[in-house]
Undergrad: 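Below you'll find the structure I mean.
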Protein chains: 2
Amino acid sequence: MPGPHTLVETERRVDERLGQLDIDFTSMAVVSNLFRAANAVRNHLERTVLAEHDLSWTGFVVLWVTWIWEPIETRQIAVEGGFSKATLTGVLSTLEGRGWLAREKSQSDGRLVLVRMTPAGRDLMETLFPAFNEQERHVASPVDPAKRGELAEMLRVVTVNVEKQS
Amino acid sequence: MPGPHTLVETERRVDERLGQLDIDFTSMAVVSNLFRAANAVRNHLERTVLAEHDLSWTGFVVLWVTWIWEPIETRQIAVEGGFSKATLTGVLSTLEGRGWLAREKSQSDGRLVLVRMTPAGRDLMETLFPAFNEQERHVASPVDPAKRGELAEMLRVVTVNVEKQS
DNA sequence: GGGATATTGTTAGGATGCGAACAACCTACA
DNA sequence: TGTAGGTTGTTCGCATCCTAACAATATCCC
């Protein structure tokens, strides 16, 4: 872990405690830095663009997915956004209450609920998403432009691999 | 966002909605994949190694930091682990209740609390951490071994850059 | 047709994490 | 010395997100 201590010092201390066992410090750094980055980026985005509109990270994702793919079934929003359907129910109600999107029962399957943006929701996204993307640009900015695609791809294969067996 | 749809199709739809504005899709993919990866990895680690010991991710981090740096001040644990001191108070009480570590008032500064591992805590970490690291290895495994250090470094600079101005 | 099984969105309950307020303690400075 | 202001850990209230249970609906298969 980075933090106030150096990686070298951390490795030395792990070795002191585990002696013979061989530890993969590079993988350890990947996992640890992955979490630090995700938390830091989430906090940053929530405090910059999202807080102005009183939106949580999840709320924004729901808006974004709906904006791009409307009309969309709620179960698809959950998959696309990566959260549970129970979480989605609450967030959807909040966003619907604010007049940014609307639920609608499916004609062909009575169990399904379709979601559409309202005009107010589209207005919001037309200013919010460019501002959000500007912050995404800022987040990725310290990485060599030629390596950013590679970074995204490495994160993708990590996700796919980990989700494979569960 | 990857999900069921292709990146190309997503880009086309964003363009449909924003026309002239130029969006940085690579940065968008970096941020989006960062969150998907962090969530997937966290779930994986919690379900494999951590669930057996009824440990949350945060609980494990606290144990790990303490194990490596004991005796350590609680404020340092919070910084090192990347969570708030309020969160730490509760987690520390849980771990102390299970007999894995112990609080101790600082002699030199009455406000500070020092934390040490108990022998039972050390026993736990001597088996838990190698198992955890094996899963970290699995997480990083789909990335070219020669590129893993680069991945960790990119995540680190992203974190540092984003935390800089807050 | 019609009952067993599966799927969907919602609800209820619990776990987790944060910011704000607070009491105890330390430090600086007049 | 003593008082104002900063720091630390804890408590409290709140938001978020998950799993499990449930009712409504659809599908399968005899």
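Chain identifiers are assigned alphabetically (A, B, ...) following the order of the sequence lines, protein sequences preceding nucleic acid strands; residue numbering begins at 1 within each chain.
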Undergrad: Which is the 5'-most and which the 3'-most nucleotide of DNA chain D that has an atom under 4.0 Å from a heavy atom of chain B?
TA: D:dG6 to D:dT19
Undergrad: For a quick test of reading the model: is some side-chain N or O of A:T89 closer than 4.0 Å to OP1 or OP2 of C:dT10?
TA: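 So the side-chain polar atoms of A:T89 do come within 4.0 Å of the phosphate oxygens OP1 or OP2 of C:dT10, strictly under.
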Undergrad: Salt-bridge test for A:R12 and A:E16: reply yes if a basic N is under 4.0 Å from a carboxylate O, no otherwise.
TA: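 Judged by the 4.0 Å cut-off on N to carboxylate O distance, A:R12 and A:E16 do form a salt bridge.
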Undergrad: If you count heavy atoms of other groups shown closer than 6.0 angstrom to CD of A:E134, is the number above 12?
TA: no
Undergrad: For A:K105 and C:dG9, give me the distance from atom NZ to atom P, rounded to whole Å.
TA: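 So the NZ-P distance, A:K105 to C:dG9, works out to 12 Å.
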Undergrad: Test of understanding: with side-chain hydrogen bond (donor to acceptor under 3.5 Å, both in side chains), list the residues that count as partners of A:T87, not counting sequence neighbours.
TA: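 Here the qualifying residues are A:S84.
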Undergrad: Could you give the CG-to-P distance, from A:N39 to C:dG17, as a whole number of Å?
TA: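 Atom-to-atom, A:N39 to C:dG17, this comes out as 10 Å.
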Undergrad: For B:K147, is there an ion pair with A:E150 - N to carboxylate O distance below 4.0 angstrom?
TA: yes
Undergrad: Given atom CG of B:L55 and atom P of C:dA15, what is their separation to the nearest angstrom?
TA: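 It works out to 15 Å between those atoms.
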Undergrad: Select one nucleotide: of C:dC25, C:dT8, C:dT10, the one nearest the side-chain heavy atoms of A:R111.
TA: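 My answer, after comparing the listed nucleotides, is C:dT8.
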Undergrad: Looking at A:R116 and A:E104, is any side-chain nitrogen of the basic one under 4.0 Å from a carboxylate oxygen of the acidic one?
TA: yes
Undergrad: CG of B:D54 versus P of C:dG14: gap in Å, rounded?
TA: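 Whole-Å distance recorded here is 16 Å.
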Undergrad: What is the distance, rounded to the nearest whole Å, between atom CD of A:Q107 and atom P of C:dT8?
TA: 19 Å
Undergrad: Please enumerate all residues that pass side-chain hydrogen bond (donor to acceptor under 3.5 Å, both in side chains) together with B:R98, with sequence neighbours excluded.
TA: B:D54
